[in-house]
Amino acid sequence: MTSLDPALTDTLHTERAYHDTCRTALAAMVEGAAEQVVIGEDVSASGADAEVLGHRLRSQAKALRELPPGPLFFGRLDFTGTDPEHGGQSYHLGRLRITENPAAPPLVVDWRAPVSRAFYQAGARDPRGVEVRRRFGWAPGSRGASADLTGLEDEHLGRGESRTSDILAREIERPRVGPMRDIAATIQPEQDDLVRAALTDSVCVQGAPGTGKTAVGLHRAAYLLYTHPKRLQRAGLLILGPNRTFLHYIAEVLPSLGETGVSQSTLLEEIARHPVTGTDPADTAALKHDARMAEVLRRALYGRVTTDGVTDLAVKDGSSWWRVPAAELAAVVEAVRTEEPPYAIGRERVRTRVVRRLRERAERRSGVLPASWVRRVERACPLTEHLDLVWPKVRPEEVLAQLLTDPAELARTADGLLDPEEQAALVWPRPPRSYKSARWSAADLVLLDELAGLIEHPEGYGHIVVDEAQDLSPMECRAIARRAAFGSLTVLGDLAQGTTAWAARDWSVQLRHLGRPDAAVVPLTTGFRVPAAVVDLANRLLPRLDVSVPPAHSLRADGALRMRPTDDVPGTTVTAVREALAHEGSVGVVAADADLDAVRQALTAAGLDPAGPDALGARLTLVPASMVKGLEYDHVVAVEPAAVAEAEERGAHRLYVVLTRAVSRLDVVHARALPF
């Protein structure tokens, strides 16, 4: 049934009226949440309890207040009378639970609730107790007015009916203008399985272009926050994206699902101890990202632990002196070093064990000593001086700066790991006066984070979603693994889209560096957002990419692909853009970074004023090929693919990314032979 069927008129009016009821209830929920914050401030409880309660109430009120406008439900489930759990019940499904009061049955069930799973998984062969699955069609861009409910479709699964949903197809193919949208209404069964994986499970999604891997990761985050709120509020959940442009693009997805306050960052921002003020040659940067550097740094740090020159330790206690012989002190240091604890913990472990020996000697004469005696001896100057000799305090910057400015120390530390040419590439050509005046590069920050993690484990997260994970270096993976030491990971990426010099070619290697060698790798190969013609064109590049990924295929037979060979690339680009702007939706013009100014000049001279990649919602955007990853546009004009492919070592991978940004139409403008 569709909205054009006259028999649906009454049903449509009924559903609109129900939506009005839901809207009224939501307004009451927002008002009630604000009132509860006021009441909560006056509760009679301990200060700590009142603070926890107040934080929770304020968070709930904030989430409701910041919920973006939009329809309150997208589907409905009618269960058969014989279903053992939901017999004869009907449920409307939306992005959050709506109820007239906490004790009343919900007017709208959250899409993450267990009962909602049948909406995504039920089918004619396995209806899961569902008699009818209803999808609602809303006017494009609806802000939630009930009059915007324009249609509905029913699937009678109880009768074994199976049909292609026009509403679902229209929602998937809707024009891409503005930031990324949630896909709660369109989640497919294989995506739903990933979204609802257990919190303790780390999963890796090898997602071909247009398969919704990023959306799956964000919805998994929302699902875990809903299912394990206390645990993740305490431990934290982090979204890691490749750059700020990408994070701006996805920023509204979680708030639209009722989840606010989730940390969204880039890895560089997460590890930054200093601003990036220096640069490295490409080969030096690649070497600093190499997994071998982890062992080089470990040697450099623990090489500062020594027993050379150690003497007897004598600590004065009133009129008495308590001693630990040099040999015994050296044995303590060697035993702790063998255990390889974090460096700072190792230093304190040595202190504790030496104090224990002093206490044992003192108690033989004086009997049991109080804790105050232990605290006094722990701070004794002779003990601290000995510690500074055998296990000195260090800063990551101090260790790295000395390593990169002293060729002799680097040679000793990297012996058997790096050859002389590699060691020479690491040494700073102009050593700073001290580490405090050093100009740190982005790669240096990764090394500093490794050292900081060896000295003291960083505070971790309960779950981390890592997007574009194929582009992470081994050392970057280690930085993430440290932050998920007691949590889990959702790893998203596509080996075919790896564009960094150190990009992964095999997920098993990448997952080992991430500390999750046993994580399941789940391929998503069915595209819902990129037309089949565009996917087929991109698949022609796969043999050149030297990665083992299955070819993608698309369920969309619509869309358009137009090859535009020309002797006038600027003029043909302008023509392609003008024709693209005649259609609905966003237009992205993508060119090699070196060609960007020439393309911009041609568009501006023609009266077309393209926005930059950070301008969300613009009709026309000009994007350098190096920044287009993760973005999508209804219509893409790809300018001179050969130039994109030749611009960098993994240029063919970059071109694969460029060609798969189109979700409706793709124009390929070229004067040179195509590289596929």
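Keep in mind that this is a model prediction, so the values were computed, not measured.
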Nearest heavy-atom pair of [X] and [Y]: which atoms, and what distance?
X	Y	result
Cys22	Leu107	SG-CB, 3.9 Å
Ala552	Asn539	O-ND2, 2.8 Å
Leu561	Ala533	CD2-O, 3.8 Å
Leu620	Leu608	CD2-CB, 4.0 Å
Leu622	Val599	CD1-CG1, 3.8 Å
Arg619	Leu581	NH2-O, 3.5 Å

Do [X] and [Y] come within less than 4.5 Å of each other through their side chains, counting heavy atoms only?
X	Y	answer
Leu631	Thr621	no
Leu537	Val668	yes
Ser488	Asp201	no
Arg196	Ser116	yes
Met180	Leu218	yes
Thr526	His553	yes
Thr490	Ile464	no
Ser586	Asp634	yes

Just checking [X]: does its [atom1] atom have more than 12 heavy atoms from other residues, nucleotides or ligands closer to it than 6.0 angstrom?
X	atom1	answer
Glu252	CD	no
Arg244	CZ	yes
Arg231	CZ	no

Apply the test side-chain contact (heavy atoms from CB on, under 4.5 Å) to residues Ile183 and Gln191: give CA-CA distance (whole Å), side-chain angles for both, the deciding distance (0.1 Å), then the verdict. CA-CA 10 Å; Ile183 61 166; Gln191 296 172 327; 4.1 Å; yes
Donor-acceptor under 3.5 Å ([X] side chain, [Y] main chain):
X	Y	result
Lys629	Gln497	yes
Ser142	Ala139	no
Ser263	Leu238	no
Arg220	Val465	no
Trp138	Phe73	yes
Gln206	Leu495	yes
Arg540	Asp536	no
Asp78	Ser90	no
Thr660	Val657	yes
Thr99	Ala104	yes

With rounding to the nearest 0.5 Å, note down the distance linking [atom1] in [X] to [atom2] in [Y].
X	Y	atom1	atom2	value
Phe119	Arg134	CZ	CZ	11.5 Å
Gln233	His228	CD	NE2	12.5 Å
Asp467	Leu492	CG	CG	4.5 Å
Ser664	Asp558	OG	CG	6.5 Å
Ser165	Arg133	OG	CZ	8.5 Å
Tyr461	Leu489	OH	CG	13.0 Å

Option from His19, Arg16, His13 for which side-chain hydrogen bond (donor to acceptor under 3.5 Å, both in side chains) with Ser146 holds: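 In the set His19, Arg16, His13, the residue that makes a side-chain hydrogen bond (donor to acceptor under 3.5 Å, both in side chains) with Ser146 is His19.
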Indicate the ring-plane relationship of [X] and [Y], choosing parallel, tilted or perpendicular according to the 30° and 60° boundaries.
X	Y	result
Phe136	His92	parallel
Phe79	Tyr91	perpendicular
His635	His583	tilted

Criterion side-chain contact (heavy atoms from CB on, under 4.5 Å) on Tyr656 and Leu542, from CA distance to verdict: CA-CA 8 Å; Tyr656 182 85; Leu542 287 179; 3.8 Å; yes
Passes side-chain contact (heavy atoms from CB on, under 4.5 Å), Val216 versus Val195? Steps please. CA-CA 6 Å; Val216 165; Val195 166; 4.2 Å; yes
Could you walk me through whether Glu153 and Leu168 pass side-chain contact (heavy atoms from CB on, under 4.5 Å), step by step? CA-CA 10 Å; Glu153 292 175 345; Leu168 178 60; 5.9 Å; no
Could you verify whether a donor N or O on one side chain and an acceptor N or O on the other, from Thr572 and Arg564, lie under 3.5 Å apart?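 Thr572 vs Arg564: no donor-acceptor pair found between side chains.
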Ignoring hydrogens and geometry beyond distance, is a side-chain donor-acceptor pair present between Glu632 and Tyr249 at under 3.5 Å?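 Looking only at side-chain atoms, Tyr249 and Glu632 do form a donor-acceptor pair, the distance falling under 3.5 Å.
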Does a side-chain N-to-carboxylate-O contact under 4.0 Å join Asp182 and Arg95?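 Yes, this pair counts.
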Taking Arg135 first and then Glu171, would you say they form a salt bridge - that is, a charged N and a carboxylate O separated by under 4.0 Å?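 Looking at Glu171 together with Arg135, the answer is no, because their closest N to O distance does not fall below 4.0 Å.
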Pairs in or reaching into residues 96-118: which pass salt bridge (charged side-chain N to carboxylate O under 4.0 Å, His left out), with residues at least two apart or in two chains?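 For residues 96-118, and leaving out neighbouring residues, the salt bridge (charged side-chain N to carboxylate O under 4.0 Å, His left out) pairs sorted by first residue read Asp110-Arg112, Arg112-Glu259, Arg117-Asp192, Arg117-Asp193.
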